[in-house]
**Q** 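Before I ask anything, here is the structure I am working with.
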Amino acid sequence: MEKITPFTINDLAKVTNHRSGEIKFGEKMITIPKDSDALDFLKASDAKYVLFGIPEDIGIRANFGRPGAASAWESAIKSIANIQHNRFCKGNQLIVLGQLEVSKEMKEVENLDFNDIDDRAKLSQLVEQIDKDVSHIIFNIVKLGKTPIIIGGGHNNSYGNIKGSALAKGKSVNAINFDAHSDFRILEGRHSGNGFSYAYEEGFLKKYFIFGLHENYTSKSVLDIIKKIEDRVRYNTYDSINIRREKEFNQEMEQALEFINDDFYGIEIDLDAIPNIACSAMTMSGFSVEQLRQFISFFAKYKNATYLHICEGAPDLGEDKNNHLIGKLIGYLVTDFIKSNQHIS
Ligand SMILES: N=CN[C@@H](CCC(=O)O)C(=O)O
């Protein structure tokens, strides 16, 4: 776990806005004490959820996307620290582990150009390095029986989440992905558009359900590939649910659950499925924030739910005056997950 920059009690105090008569998450969340071994501390702690940030957008750069997702972690932790600790949700269920140390890599990619073949190869190599670190950290958290809540970063990190979970569980795992895109693109070198196809190909991902694909942004070749493996990879489309109303949102969630709930599963949330959220692939059409919150609440309430990953939000691509909103949204999603999951032992 040497690639983690811990989030200290002082860091937490700095982002918590104290108000008399109120108790904020930042006053109750648990941090790893200085000089203590993170794994030993996690093992001894009663808290079930481990919050971990991945402040990178290298996978997005390697996918010809718009950088900015590296800023989501800072925005999210500031918002989460200021959620009220009360009877509905308690801050002391959360251990703030810290963030993946990627500052050197982020510096290295600053001037790389996707259109240059050598630069592109370099970007993919760095994504592979991040994959190793993420899978190692997720492996350790899941192995201890804890539930990681991961704030990205690009959707390339689905690979490390799935691999780490599979290694910890000793078998391949399932995933449900709330996303406008399949991220099941060809194995052309790692980037944010092929985390699931690499995890599938390498035997870490067993069954995969993509919830709410945007028909306009899914290629014929990906649709053809998925069709051939429909015993293991299924999807529905946003257009068929919310536009043409051929399918019903709640029934679709039930069907997706039936598909993935035969084993451990990860919950993957790509914020580019939600309209007007600053993201690399920002959209004006998609499921509402309420539908996303209901989705997380629904899939979190089963014992097979192994982790939550929220990614691709990019406050740095948003309006200056309201760049706290993505963090605030992530705060809602994190607490929706915990509220629904906390009763499972
Ligand atoms: N994680 C996002 N993946 C999408 C991005 C699409 C885009 O940049 O337009 C994909 O590769 O399909």
Side-chain angles (χ1 to χ4, degrees), residues 54-73 102 109 112-115 120 123-124 126-128 130-131 134 150-163 175-201 205 208-226 233 235-239 266-287 292 307-318 326 330 333:
I54 314 181
E56 65 81 37
D57 45 35
I58 301 172
I60 292 173
R61 291 169 197 254
N63 194 20
F64 209 5
R66 300 184 304 149
S71 55
W73 163 246
V102 279
V109 301
L112 294 186
D113 175 9
F114 172 85
N115 294 303
R120 205 185 310 169
L123 286 164
S124 283
L126 287 168
V127 175
E128 278 175 36
I130 292 171
D131 285 345
V134 171
I150 307 119
I151 313 296
H155 216 162
N156 40 294
N157 296 310
S158 60
Y159 174 90
N161 298 334
I162 292 166
K163 180 174 175 180
I176 173 96
N177 181 22
F178 186 97
D179 201 338
H181 312 95
S182 68
D183 291 354
F184 209 76
R185 303 224 326 258
I186 54 170
L187 313 179
E188 57 185 341
R190 287 285 291 113
H191 56 60
S192 64
N194 57 22
F196 296 93
S197 37
Y198 269 92
Y200 179 89
E201 213 47 47
L205 177 60
Y208 175 40
F209 196 100
I210 313 141
F211 198 97
L213 266 186
H214 285 207
E215 294 171 5
N216 286 6
Y217 295 97
T218 308
S219 67
K220 177 181 181 315
S221 65
V222 164
L223 290 172
D224 290 346
I225 288 168
I226 294 175
V233 181
Y235 67 92
N236 55 30
T237 72
Y238 165 73
D239 311 66
I267 304 175
E268 293 277 343
I269 307 296
D270 191 323
L271 293 179
D272 72 17
I274 305 295
N276 302 316
I277 299 292
C279 277
S280 169
M282 187 171 174
T283 184
M284 290 189 62
S285 175
F287 287 126
L292 170 57
Y307 70 80
L308 172 69
H309 178 211
I310 302 166
C311 64
E312 299 267 341
D316 277 359
L317 291 174
I326 292 184
I330 293 172
L333 304 180

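Order of appearance sets the numbers: ligands from 1, and atoms from 1 within every ligand. Numbers here simply count residues along the sequence, with the first being 1. As the structure is a prediction and not an experimental result, all values here were calculated from the model.
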**Q** Quick one: does ligand 1 sit under 4.0 Å from the side chain of D179, the backbone, both or neither, non-hydrogen atoms only?
**A**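 Neither part.
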**Q** Please indicate whether Y235 has more than 12 foreign heavy atoms, meaning atoms of other residues, nucleotides or ligands, lying under 6.0 Å from its OH.
**A**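 No.
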**Q** Rounded to the nearest 0.5 Å, how far apart are CZ of F196 and OH of Y159?
**A**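 Between F196 CZ and Y159 OH, I get 13.0 Å after rounding to 0.5 Å.
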**Q** R185 to ligand 1: N or O pair under 3.5 Å?
**A**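 Yes.
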**Q** For residues 278-287, pull every pair meeting side-chain hydrogen bond (donor to acceptor under 3.5 Å, both in side chains), keeping only residues two or more places apart or in separate chains.
**A**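 Applying side-chain hydrogen bond (donor to acceptor under 3.5 Å, both in side chains) to every pair that reaches into residues 278-287, excluding sequence neighbours, yields nothing.
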**Q** Taking 4.0 angstrom as the limit and counting only heavy atoms of G193, give me the atoms of ligand 1 inside it, by number and element.
**A**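 Within the 4.0 Å cut-off of G193, ligand 1 contributes 11 (O).
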**Q** Please determine if H181 has a nitrogen or oxygen closer than 3.5 Å to a nitrogen or oxygen of ligand 1.
**A**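 N/O-N/O distance under 3.5 Å: no.
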**Q** Applying a strict 4.0 Å limit to heavy atoms, is S192 in contact with ligand 1?
**A**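 True for this residue.
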**Q** Students should be able to answer this: which protein heavy-atom is nearest to atom 7 (C) of ligand 1, and at what distance?
**A**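 Answer for atom 7 (C) of ligand 1: A281 CB, 3.7 Å.
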**Q** Near D270, which atoms of ligand 1 are under 4.0 Å from a heavy atom of that residue?
**A**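 Atoms satisfying the 4.0 Å criterion: 1 (N).
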**Q** Which ligand 1 atoms does E312 reach within 4.0 Å, using its non-hydrogen atoms?
**A**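 Reading through ligand 1 atom by atom, the close ones are 1 (N), 2 (C).
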**Q** With sequence neighbours excluded, tell me which residues meet salt bridge (Lys or Arg N to Asp or Glu O under 4.0 Å) with E128.
**A**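 For E128 there are no salt bridge (Lys or Arg N to Asp or Glu O under 4.0 Å) partners, ignoring immediate neighbours.
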**Q** Which ligand 1 atoms are under 4.0 Å away from a heavy-atom of H155?
**A**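 Per the distance check, 1 (N).
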**Q** Measure I60 to ligand 1 on non-hydrogen atoms and call it side chain, backbone, both or neither using the 4.0 Å cut-off.
**A**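 Neither; nothing of I60 gets under 4.0 Å from ligand 1.
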**Q** May I ask you to test the F209-N177 pair for a side-chain heavy-atom distance under 4.5 Å?
**A**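 SC-SC contact between F209 and N177 ruled out.
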**Q** What is the ring orientation for F114 with F64, classed by angle as parallel under 30°, tilted 30 to 60°, or perpendicular over 60°?
**A**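 It falls in the parallel class, under 30°.
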**Q** Only one of D113, N63, I58, I60 forms a side chain to side chain contact (heavy atoms under 4.5 Å, CB included) with L123, so which one is it?
**A**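 Result for side chain to side chain contact (heavy atoms under 4.5 Å, CB included) with L123: I58.
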**Q** Taking the side chain from R66 and the backbone from C279, do they hold a donor-acceptor pair closer than 3.5 Å?
**A**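 Yes, the answer is positive, given that a donor and an acceptor are paired below the 3.5 Å cut-off.
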**Q** Indicate, as side chain, backbone, both or neither, the part of N63 found under 4.0 angstrom from ligand 1 when only non-hydrogen atoms are considered.
**A**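 It is the side chain that gets close, since no backbone atom is under 4.0 Å.
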**Q** Between the candidates T283, D183, N194, which shows the shortest non-hydrogen contact distance to atom 1 (N) of ligand 1?
**A**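 Among T283, D183, N194, the closest heavy atom to atom 1 (N) of ligand 1 comes from D183.
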